[in-house]
Amino acid sequence: METTSVGPVPDPDPDPDTGTGRAAVVRRLREGMAASVLSFPLTSFHEDGSFDADGYRAYVAERLAAGPGALFPACGTGEFFSLDEDEYRQAVAIAVEETAGSVPVVAGTGYGWAQALRFARIAEEAGADALLVMPHYLTAAPQDGLVAQVERIAAGTRLPLIAYQRGQVAYTAESVRRLARVPGVIGVKDGHSDLDRLQRTVLAAPDDFLFFNGAATAEVQARAYAAVGIPAYSSAVHAFAPEIANAFLAALRGGDTGTVDKLLRDFYVPLVELRDRVPGYAVSLVKAAARLRGCPVGPVRAPLTDPSPADLAALKTLLTTGLDLVGAAL
């Protein structure tokens, strides 16, 4: 399979009203961000670790029924880093089939730019609307290299890109300004929560450039992000308790400070404290909580580990408390 391109892939349709070009994807994502949280579905595995296509399809359908603004399959929460290319193809294709155009589908891609393009082309063939560029593998890199990585991916795919800054990837405001000039780069997902840098970055970027809060438990910092001009966020809680995620968003946007504070105090902050006990719990706890709700997601794959019995018991208690707060049941 080809992994390079001689130049930027042209936008097949720059008209936002036709629904297929980059401008249309930006419009649809902006509308989705304004309407609801962004959903990052888990990837379903059988107990032996193999990909569970039927379980995944049922799980994605449940997420869509809960009304997300967009669907991001095969990303961090979806264990992109543990999927082979065939599993990735199935995950993205099922997400596209289940959404049937109802919300944008943004598939993960990553590693070095050459491998990222292999995944990008699979996502194109599967019908994804855009790509989330995950942080590159292992090594630190200068700003010029971080920008060049995204430029090479953008040059080899017709799909618009959202760059994800987390871990060893942290763009300066000037680098985001440069990325915004790259054809096909439409936004940034932030996982660093450096609000000073974010404020500078938002001010430096074009008005139509997309930003969203991608912190591990984004609701805890949602008010702070909104204060610097980034009200949209992804919700890991939507992956297992959309009732809580949707209630929090409604309270936040409705100015119901009492409900926001109660959900933060009694559910979200304790969830973060439990999450921080063990590396990888940002995914493992989410998957365990989904299993507690009866979702067919299965275990995590190594190098992640499922929660200990004690942590699972604490999670069940916390989940029950959170659902009670919004009038739902386990």
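Quick caveat, the model's predicted, so the values are computed rather than measured.
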Colleague: Please name all residues satisfying side-chain hydrogen bond (donor to acceptor under 3.5 Å, both in side chains) with E62, sequence neighbours left out, ordered by chain then number.
Modeller: none

Colleague: Can you find a heavy atom in the side chain of I244 that is under 4.5 Å from one in the side chain of H238?
Modeller: no

Colleague: Should the pair K189 and Y225 be classed as cation-pi, given the thresholds of under 6.0 Å to the six-membered ring centre and 45° from the axis?
Modeller: no

Colleague: Give me each pair satisfying side chain to side chain donor-acceptor pair (under 3.5 Å) with a member in residues 252-264, each pair once, sequence neighbours excluded.
Modeller: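 Side chain to side chain donor-acceptor pair (under 3.5 Å) check on residues 252-264 returns R223-D261, D256-T259, K262-D266.
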
Colleague: Taking the six-membered ring for Trp, are Y268 and F248 closer than 6.0 Å centroid to centroid?
Modeller: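 Centroid distance Y268-F248: below 6.0 Å, so yes.
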
Colleague: Centroid separation under 6.0 Å, is that true for the rings of Y233 and F212?
Modeller: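 No, ring centres 6.0 Å or more apart.
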
Colleague: Could you name each residue pair satisfying ring pair (Phe, Tyr, Trp, His ring centres under 6.0 Å) that touches residues 155-194, not counting sequence neighbours?
Modeller: none

Colleague: Taking only Lys NZ, Arg NE, NH1 and NH2, and the carboxylate oxygens of Asp or Glu, determine whether E174 and R200 approach each other closer than 4.0 Å.
Modeller: no

Colleague: Any chance the side chains of R121 and T157 put a donor and an acceptor closer than 3.5 Å?
Modeller: no

Colleague: D208: which residues meet the side-chain hydrogen bond (donor to acceptor under 3.5 Å, both in side chains) condition with it, sequence neighbours left out?
Modeller: none

Colleague: Under 4.0 Å between a side-chain nitrogen and a carboxylate oxygen: does that hold for R89 and E85?
Modeller: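 No, no charged N to carboxylate O under 4.0 Å.
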
Colleague: Any luck finding a side-chain donor-acceptor pair between T139 and Q168 under 3.5 Å?
Modeller: no

Colleague: Tell me the closest heavy-atom pair linking L252 and A222, and the distance in Å.
Modeller: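 L252 and A222 have their closest heavy atoms at CD2-CB, 3.8 Å.
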
Colleague: Throw together a table of side-chain donor-acceptor distances under 3.5 angstrom for residues 142-149, partners on residues two or more places apart or in other chains.
Modeller:
unit_1, atom_1, unit_2, atom_2, d
Q143, OE1, T172, N, 3.1
Q143, OE1, S175, OG, 2.5
Q143, NE2, A170, O, 2.8
D144, OD1, R178, NH1, 2.9
Q149, OE1, W113, N, 3.2
Q149, NE2, Y111, O, 2.9

Colleague: Would you check if there is a donor-acceptor pair between the side chains of D52 and Y59 at a distance under 3.5 Å?
Modeller: no

Colleague: Do F119 and Y137 sit in the same hydrophobic cluster, where Ile, Leu, Val, Met, Phe, Trp and Tyr count as joined when their side-chain heavy atoms come under 4.5 Å apart?
Modeller: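 Yes, because F119 and Y137 connect within a single hydrophobic cluster, where side-chain heavy atoms sit under 4.5 Å apart.
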
Colleague: Under a 4.5 Å side-chain heavy-atom rule over Ile, Leu, Val, Met, Phe, Trp and Tyr, are V25 and L132 clustered together?
Modeller: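 Yes.
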
Colleague: Quick test of your reading: applying salt bridge (charged side-chain N to carboxylate O under 4.0 Å, His left out), list the pairs with at least one residue in residues 72-84, sequence neighbours left out, ordered by first then second residue.
Modeller: E79-K287

Colleague: Say you draw a straight line from CG of D306 to OG of S284; how long is it, rounded to the nearest 0.5 Å?
Modeller: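 The CG atom of D306 sits 6.0 Å away from the OG atom of S284.
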
Colleague: Under 4.0 Å between a side-chain nitrogen and a carboxylate oxygen: does that hold for R63 and E98?
Modeller: no

